[in-house]
*Asks:* 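If you scroll down you'll find the structure; I have some questions about it.
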Protein chains: 2
Amino acid sequence: MRPREFNHDDVLRIAFDQFWRKGVRGTSLSDIARDAGVQRGSLYNAFGSKEALFLQAYERYAGDYLVALQKALGAGSLRKRLTAFFDLTITNFRSGSPPRGCPTTRGLMELGAAEGEGLDEEARQAFANLVSRITALVRDTLSAGAARGEFSGNSAAAALHIVTVTRGLAVLERAFGDEPQLRKIAAHTIDLVLDKKDR
Amino acid sequence: MRPREFNHDDVLRIAFDQFWRKGVRGTSLSDIARDAGVQRGSLYNAFGSKEALFLQAYERYAGDYLVALQKALGAGSLRKRLTAFFDLTITNFRSGSPPRGCPTTRGLMELGAAEGEGLDEEARQAFANLVSRITALVRDTLSAGAARGEFSGNSAAAALHIVTVTRGLAVLERAFGDEPQLRKIAAHTIDLVLDKKDR
DNA sequence: GGAATATTTGACACGGTGTCAAAAACATGT
DNA sequence: ACATGTTTTTGACACCGTGTCAAATATTCC
């Protein structure tokens, strides 16, 4: 066998970076190939299609992201955990390599991918999967908080609410790019869920 | 002058329909031209570019949508108004012409449009504009409700929260397509904002 | 060294965007 | 009625991106 002349993971990282910055439909395999110093055909040979390449890059990202969220949700009072959760979520919207005005939010990249006819059912499912897993993390955190008397209410409903807000924040970030306001909304959400009186 | 052989508004409606169903990047001007019985070149002559055509179609939609929202927010108790608001929002995700499995949610179409490098700054702004106007409508409704003693709290913050949730719902709809769950989240949000005790 | 195997490479077909000049259709003034 | 000017239509073109394919290439194993 002839060995690969490029590193599989390197390409995934480079590809994700491009997808993130320019959107899935906005980046061509030629772009990625150029950046990675690889021939375009090699990418097709190794990954099959742009869609498949995106899916692999996305899975990689989702895994890292979930680990980070788990860590954020794992220490301190319930309020601190939720605050850390929102912080990480909002930071993640823009964190990464490119400092330039990058138009695509990480948290919504999947939507750019899932625009085609229905071929990208897998992308939709991968995204749904990540949302489900995040929701489960938040739900467990709320349940644990409830057991310690820091929360009274429906953990499942509240978790879904919180995750919905984070997705909404991603959309607003995309539209306004106003991070301070996002943090206000996040704080307000925490207050609502934790039943703070002076809201 | 030679007169147009097609109706400007008809084309806008047909174009919006296609953009909605297949996403902005997923529909070609050839598709729209075929559907409208117009030559592709004529569209370029009349609108300039796909982006410009989308913007016009979107503005048209946004106007109609705002009117409908205003109506939904204008009658009954504050709870009824907010319920009608969420109902309309969720219904709008899928309402329209095509009954087939249409992958793109109306509420997020703009994101598909705003994926490019930065050329589509106008699309981003049009979307931000709609969000702002919706937020203002909700804020005013909450303020009016507060004046009647149906709500106590920060109207601006609550309105932003509510609109954030609707954007999040649009994302979830896209990912799961589970409408009953969306309605549950909406009801939960209303309860949170209106400070219902048994949540 | 030779065979088997996987990767690389370049060419190709196809479709979408956007541009352009020539042809066509109408309104107007004479 | 006819010529003129203006705008739309039409078809051709260049360019770029996706995806496929066969030939060339590099490596491992026997």
Side-chain angles (χ1 to χ4, degrees), chain A residues 1-12 14-15 17-58 103-104 112-123, chain B residues 1-12 14-15 17-58 103-104 112-123:
Chain A
M1 300 212 309
R2 177 172 177 174
R4 284 253 165 78
E5 290 183 3
F6 63 88
N7 182 292
H8 196 265
D9 272 22
D10 285 352
V11 169
L12 281 183
I14 291 171
D17 214 63
Q18 299 256 352
F19 285 142
W20 173 32
R21 291 204 315 245
K22 303 184 293 184
V24 175
R25 275 206 158 84
T27 73
S28 68
L29 283 199
S30 307
D31 294 340
I32 298 171
R34 197 183 320 111
D35 246 49
V38 177
Q39 210 72 12
R40 198 170 56 90
S42 299
L43 295 181
Y44 278 102
N45 176 59
F47 298 98
S49 70
K50 186 168 148 178
E51 166 95 6
L53 172 55
F54 169 72
L55 281 177
Q56 285 199 32
Y58 181 66
T104 303
E115 232 204 282
E117 274 278 78
L119 311 160
D120 31 33
E121 179 61 18
E122 293 181 85
Chain B
M1 300 212 306
R2 176 172 178 175
R4 286 252 166 81
E5 291 181 4
F6 61 87
N7 182 292
H8 197 265
D9 273 21
D10 285 352
V11 169
L12 243 46
I14 290 171
D17 213 64
Q18 299 256 352
F19 285 143
W20 173 31
R21 291 204 316 244
K22 303 184 293 183
V24 175
R25 274 207 158 84
T27 73
S28 66
L29 283 199
S30 307
D31 294 340
I32 296 171
R34 197 183 320 112
D35 245 48
V38 177
Q39 211 72 13
R40 197 170 57 91
S42 298
L43 295 181
Y44 277 102
N45 176 59
F47 298 97
S49 69
K50 186 167 147 180
E51 165 97 5
L53 173 55
F54 169 72
L55 280 177
Q56 285 200 32
Y58 181 66
T104 304
E115 231 203 282
E117 275 279 79
L119 312 161
D120 32 32
E121 179 61 17
E122 294 182 86

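In what follows, chains are A, B, ... by sequence order, proteins preceding strands, each numbered from 1.
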*Asks:* Heavy atoms only: give me the nearest A57(B)-L12(B) pair and the separation to one decimal.
*Replies:* CB-O, 3.7 Å

*Asks:* Using five base pairs at each end, measure the axis-to-axis angle across the helix from dG1(C)-dC30(D) to dT30(C)-dA1(D) and round it to 10 degrees.
*Replies:* 10°

*Asks:* Measure the shortest side-chain to side-chain distance between L29(A) and L53(A) over non-hydrogen atoms and say whether it is less than 4.5 angstrom.
*Replies:* yes

*Asks:* Report all interatomic pairs (protein N or O, nucleotide N or O of nucleotides 14-16 of chain D) with separations under 3.5 Å.
*Replies:*
none

*Asks:* Whole-Å distance between dT9(C) C1' and R34(A) CZ?
*Replies:* 17 Å

*Asks:* Report the distance from atom CD of E121(B) to atom CD of E51(B), rounding to the nearest 0.5 Å.
*Replies:* 10.0 Å

*Asks:* Determine the minimum heavy-atom distance between F19(B) and V24(B), stating which atoms define it.
*Replies:* CD2-CA, 3.7 Å

*Asks:* Quick one: is S42(B) getting a side-chain N or O under 4.0 Å of the dT9(D) phosphate, OP1 or OP2?
*Replies:* yes

*Asks:* Mapping L43(A) and K50(B) to their closest nucleotides on DNA chain C, which lands nearer the 5' end?
*Replies:* L43(A)

*Asks:* If I take atom CG in residue N45(B) and atom P in nucleotide dT7(D), what distance separates them, rounded to the nearest angstrom?
*Replies:* 10 Å

*Asks:* Do you know which two heavy atoms are closest between Q39(A) and A33(A), and how far apart they sit?
*Replies:* C-CB, 4.1 Å

*Asks:* Starting at atom CG of L53(A), determine the distance to atom P of dT18(D), rounded to an integer number of angstrom.
*Replies:* 11 Å

*Asks:* Between Y44(A) (OH) and dG10(C) (C1'), how many Å, whole number?
*Replies:* 15 Å

*Asks:* Taking all non-hydrogen atoms of both residues into account, name the closest pair between V11(B) and V38(B) and its distance.
*Replies:* CG2-CG2, 4.5 Å

*Asks:* Of the non-hydrogen atoms in F47(B) and A52(B), which two are nearest, and what is the gap between them?
*Replies:* O-CB, 3.1 Å

*Asks:* Would you mind reading off the distance between E5(B) atom CD and dA24(C) atom P, rounded to a whole angstrom?
*Replies:* 13 Å

*Asks:* Please tabulate, one pair per line, each protein N/O and nucleotide N/O from nucleotides 27-30 of chain D that are separated by under 3.5 Å, including the distance.
*Replies:*
from: dT27(D); atom 1: O2; to: M1(A); atom 2: N; distance (Å): 3.1
from: dT27(D); atom 1: O2; to: M1(A); atom 2: O; distance (Å): 3.4

*Asks:* Rounded off to whole Å, could you give me the NE2-to-P distance for the H8(A) and dT8(C) pair?
*Replies:* 11 Å

*Asks:* Only one of Q18(A), K22(A), R40(A) passes side-chain hydrogen bond (donor to acceptor under 3.5 Å, both in side chains) with D31(A); say which it is.
*Replies:* K22(A)

*Asks:* Atom CD of Q39(B) to atom P of dA25(C): distance rounded to whole Å?
*Replies:* 14 Å

*Asks:* Between dT9(D), dT17(C), dG10(C), which nucleotide gets closest to the side-chain atoms of R40(B)?
*Replies:* dT17(C)

*Asks:* Please examine the side chains of T27(B) and F54(B), heavy atoms only from C-beta on, and report whether any two atoms are closer than 4.5 Å.
*Replies:* no

*Asks:* If you look at every strand shown and take non-hydrogen atoms under 4.0 Å, does F47(B) touch a base, only sugar-phosphate, or nothing?
*Replies:* nothing

*Asks:* Check the distance between dG19(D)'s P and R25(A)'s CZ and give it to me in whole angstrom.
*Replies:* 10 Å

*Asks:* Give, for atom CG of L55(B) and atom OG of S49(B), the distance between the pair rounded to the nearest 0.5 Å.
*Replies:* 8.0 Å

